[in-house]
Structures are given as structure tokens and as C-alpha cells.
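We count ligands from 1, going down the list as the structure has it; atoms in each ligand are counted the same way.
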Amino acid sequence: MKDIIIVGRGLAGATLSFQLLAKGIKHHIVDQPSLSSSSKVAAGLVNPIVLKRLKMVQGADEFMTHIPDFYQTKEVLTGFKFYHESTIHHIFANAGEINLWEEKKDNVFHSQFLKGLAKNTNPNLLAPHGLGVIEGIGWLDTQSFLNAHKAFCNNNSILITETPFPKNDLSTLAESGQVIILCNGHLLKDWEVLPENTFTPTRGEVMTIETDGLSENNILHSSIFAIPLGKKQFKIGATYHWDKLNDMPTGDGIERLKTDLEKIYSGKYEVINHQAGVRPNTKDRKPIIGKLKDNVMVFNGMGSRAALMAPQLSNTFLDYLTTGNPLPAAYNIDRFL
Ligand SMILES: Cc1cc2nc3c(=O)[nH]c(=O)nc-3n(C[C@H](O)[C@H](O)[C@H](O)COP(=O)(O)OP(=O)(O)OC[C@H]3O[C@@H](n4cnc5c(N)ncnc54)[C@H](O)[C@@H]3O)c2cc1C
């Protein structure tokens, strides 16, 4: 196989790199972390159910076949801990949500995750309609995952060059003679290699708070989530904005997060961190993987769910790369070209 260059080392690039390494395929990574990183901000929630409508995330039955195995094998390989199995307590907004839960909970797929209803016992939690318990999910400590990947590359002679990969047109890239895989997140939009509006990135903001009044045993979810990080710290998020597509947190963002938190939580808290990132969303909300031109590939577009999707999709993509097996049409970049 030709030399492989992965451009970008967020969740997409790092996951793909782990898969290449598992097959003994050497590669070179070019990543300029300071450009823009969604992965460093992500809450890393791995949840196959869209909680608002209790719908299965499209393809989640396939994605979940690699969860938690992919992350757990990489933990053993690297000696880092980054995947946390967990439970979500969904705060019902009204009686209609409870009815929907009852309707869906026995579906073959949903029944693996939607478990019983629970009463709220926390006086600081504003949950008059009670809670729905979702099991079998988890969250990825994305920064720790990226650190583990970097350490593993360093120990296995995989070169990571921290420099911007020059933006180029497809013909120039194709002439390089290397397999170039663009895992450059939302910045792919600026390369103008895709039809206009294929990419519809969204900025998202999260804050980390410290508080005594929330349970550290489960993730909370309403219009926002609260993920327990340990030491009484919780990641709270996330917002969606279609403007200012950069990694700068805003005053509007933090106000929105606080307002949403205070709708469900009356306890005291202190904000200790506030971050923003840009999700690489596509217009049909599905990933984009495959061939752009000749040996120029893309593995991108994982929107709000890279932690759920990337393990399975990277496996599928690698299969395509090494054996030529066709990619699923739903994710193939061909649908936009
Ligand atoms: C607030 C927020 C909350 C989120 N919560 C979740 C969640 O709970 N669960 C979940 O699964 N997902 C979540 N996401 C989405 C998740 O962050 C993305 O799906 C994922 O991080 C995308 O990974 P990526 O590798 O494609 O892009 P990125 O993480 O953006 O990585 C791209 C990398 O490429 C580099 N790069 C770009 N251009 C170049 C270049 N020319 N040369 C060199 N390097 C370059 C960038 O600097 C960066 O390091 C969230 C996102 C946000 C913003």
C-alpha cells in the first residue's frame, strides 16, 4: 500500500490511526492542534438513543457493536483510562414524555437501554415528572483518549507532525502519490473540495462546574446533560449555534448553559471552565467517508456523535481501503459528489 497520511488528529483521525495500527499499517499524522478542535471540547457521550424523541440514532445498532470493546481494548493497549460505562437519568419534561417512554421501552433495540422509571430523591433537582433510567451507555474522556493515542504513537514510531497541512486542490493532492485521509473536522469546509452547503458546522459550548448537590453516580439529561467527572466536577452542555464558527466561548453561550442548568438544578455551583468547539455536521446529518479523488480520502462529518460512530466507521473505512469492499451508501461521500 502507498504511504498513508492522516490529516487531523481529533476523534476521527486518532480512532482511524488506532485501527491502522491494529492491522500493522504504518502511517504519518499531520495535525495542528491549535487550528480548531471539536474533540477536545466534546462531552464524549456515547448514547444510541435520541432522548428528545426516543428515536434510535440511525445506524446505532451497528455502531454499538463496537462499543465498549473498541475503547476498552485501547485502554488495555495504552494503559490509559478514558471510557466510562454509565447510566443516564433523563428528567421528564411532562407526562407526554413518560407516555412516549412507555410506548418505546419494549422495542427490540430500545429495550436494551430504556429501563425503569425512577423517583427523584435529590432535593436540589427540579424533576416533578420523575426520571427515566437509560443503561448500557457511556462517555469518553476525549482529552485522555487523545493523550493515550499520542503516547501510543510515540512508543510505536508513528510520526505525528504538529504543523498545518497545506490546503490544496484535489488534483495537486492526488498527484502526491500518497494516500491522504482528511480527518480535519469542520475545517474541511474551507478546502472547497465539496459542493457548497454539504458541510453545516455548528458551534457548541460546554462548561465545567463544581458542586456538592448533584449525584456523581449517573449522567443527568434534560435540555442539557451533566456528566460527572469526579471530584464533584460536572461537564454541562451543550449549546448549538450556527454563527461564529470558531473555538471562542461566548457570553451568550455561558448564559444559555446557566439558564438551562438552573431549570433543573437549584443547588449552588461554581463555573470552573468554559469551552467552545465546532461540530463537523453535514447537511443530512450523516458522516462522510470515502474517496474524494484517486488517493485523496475523507473520514469526517461525525457531527455530534463521533465517540459513538468513529469506532465502527473506521473499521468499515479501513476494510474499504485495504480490500476495496464498498462503503455503505448512507455514509459514502459519493452521495454529495
Ligand atoms: C460542545 C460540544 C459537545 C460535544 N459533545 C459530544 C458528545 O457528547 N459526544 C460525541 O460523540 N461528540 C460530541 N461532540 C462532537 C465531537 O466533538 C465531534 O464529532 C468530533 O470531535 C469530531 O472529530 P474530528 O476528528 O472529525 O474533528 P476535530 O476534533 O475538530 O479534529 C480535527 C483536527 O484536525 C486539525 N486540523 C484541521 N485542519 C488541519 C490542517 N490543515 N492541518 C493540520 N491539522 C488540521 C485540527 O486542528 C484538529 O486537531 C461535541 C462537540 C461540541 C462542540
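Using cut-offs of 30° and 60° on the angle between ring planes, the pair Phe92 and Trp101 is perpendicular.
Closest heavy-atom approach to atom 7 (C) of ligand 1 among the candidates Ser37, Gly44, Pro280: Gly44. Distances from atom 16 (C) of ligand 1 to the heavy atoms of Ala12, Gly185, Ser38, Ala14 show the closest one on Ser38. Nearest residue to atom 46 (C) of ligand 1 from Ser34, Ser36, Pro33 is Ser36 (criterion: closest heavy atom). Scanning Gly253, Ala306, Ala276 for the heavy atom closest to atom 20 (C) of ligand 1 points to Ala306.
Regarding atom 35 (C) of ligand 1, its nearest protein heavy-atom neighbour is Asp31 OD1, 3.1 Å. In this structure, atom 2 (C) of ligand 1 lies nearest to the protein heavy atom Arg279 NH2, 3.9 Å. In terms of protein heavy-atom proximity, atom 43 (C) of ligand 1 is closest to Gln32 N, 3.3 Å. When hydrogens are left out, the protein atom nearest atom 21 (O) of ligand 1 is Ser39 OG, 2.7 Å; that is the closest non-hydrogen contact. Among protein heavy atoms, atom 5 (N) of ligand 1 sits closest to Ala43 N, 3.2 Å. The protein heavy atom nearest to atom 31 (O) of ligand 1 is Gly10 CA, 3.5 Å. Scanning all protein heavy atoms for the shortest distance to atom 45 (C) of ligand 1 gives Leu35 CD1, 3.6 Å.
Taking distance alone, with nitrogen or oxygen atoms compared against 3.5 Å, Leu187 stays at or beyond that limit from ligand 1. No N or O atom of His186 sits closer than 3.5 Å to an N or O atom of ligand 1. The shortest N/O to N/O separation between Val206 and ligand 1 does not fall below 3.5 Å. Any N or O atom pair closer than 3.5 Å counts here, and Ala307 shares at least one such pair with ligand 1. Annotation: Gly277 places no N or O atom under 3.5 Å from an N or O atom of ligand 1; distance criterion only. For the pair Gly204 and ligand 1, the shortest N or O to N or O distance does not fall below 3.5 Å. Annotation: Phe165 places an N or O atom under 3.5 Å from an N or O atom of ligand 1; distance criterion only. Note: no N/O pair closer than 3.5 Å links Ala42 and ligand 1 by distance alone.
Checked against the 6.0 Å centroid threshold, Tyr71 and Phe145 count as a close aromatic pair.
In this structure, the side chain of Arg203 engages the main chain of Lys244 through a donor-acceptor pair within 3.5 Å.
Those atoms of ligand 1 that come under 4.0 Å of a heavy atom in Gly303, given as number and element, are 15 (C), 16 (C), 18 (C), 19 (O). Listed by atom number, the atoms of ligand 1 under 4.0 Å from Cys183 heavy atoms are 32 (C), 34 (O).
Of the options Ile5, Asp31, Ile29, Ile6, a side chain to side chain contact (heavy atoms under 4.5 Å, CB included) to Phe165 is made by Ile5 and by none of the others.
In this structure, Thr163 is part of the shell of residues with a heavy atom less than 4.0 angstrom from ligand 1. Distances from ligand 1 to the non-hydrogen atoms of Gly237 include no value under 4.0 Å.
Atom NZ of Lys232 has 12 or fewer heavy atoms from other residues, nucleotides or ligands within 6.0 Å.
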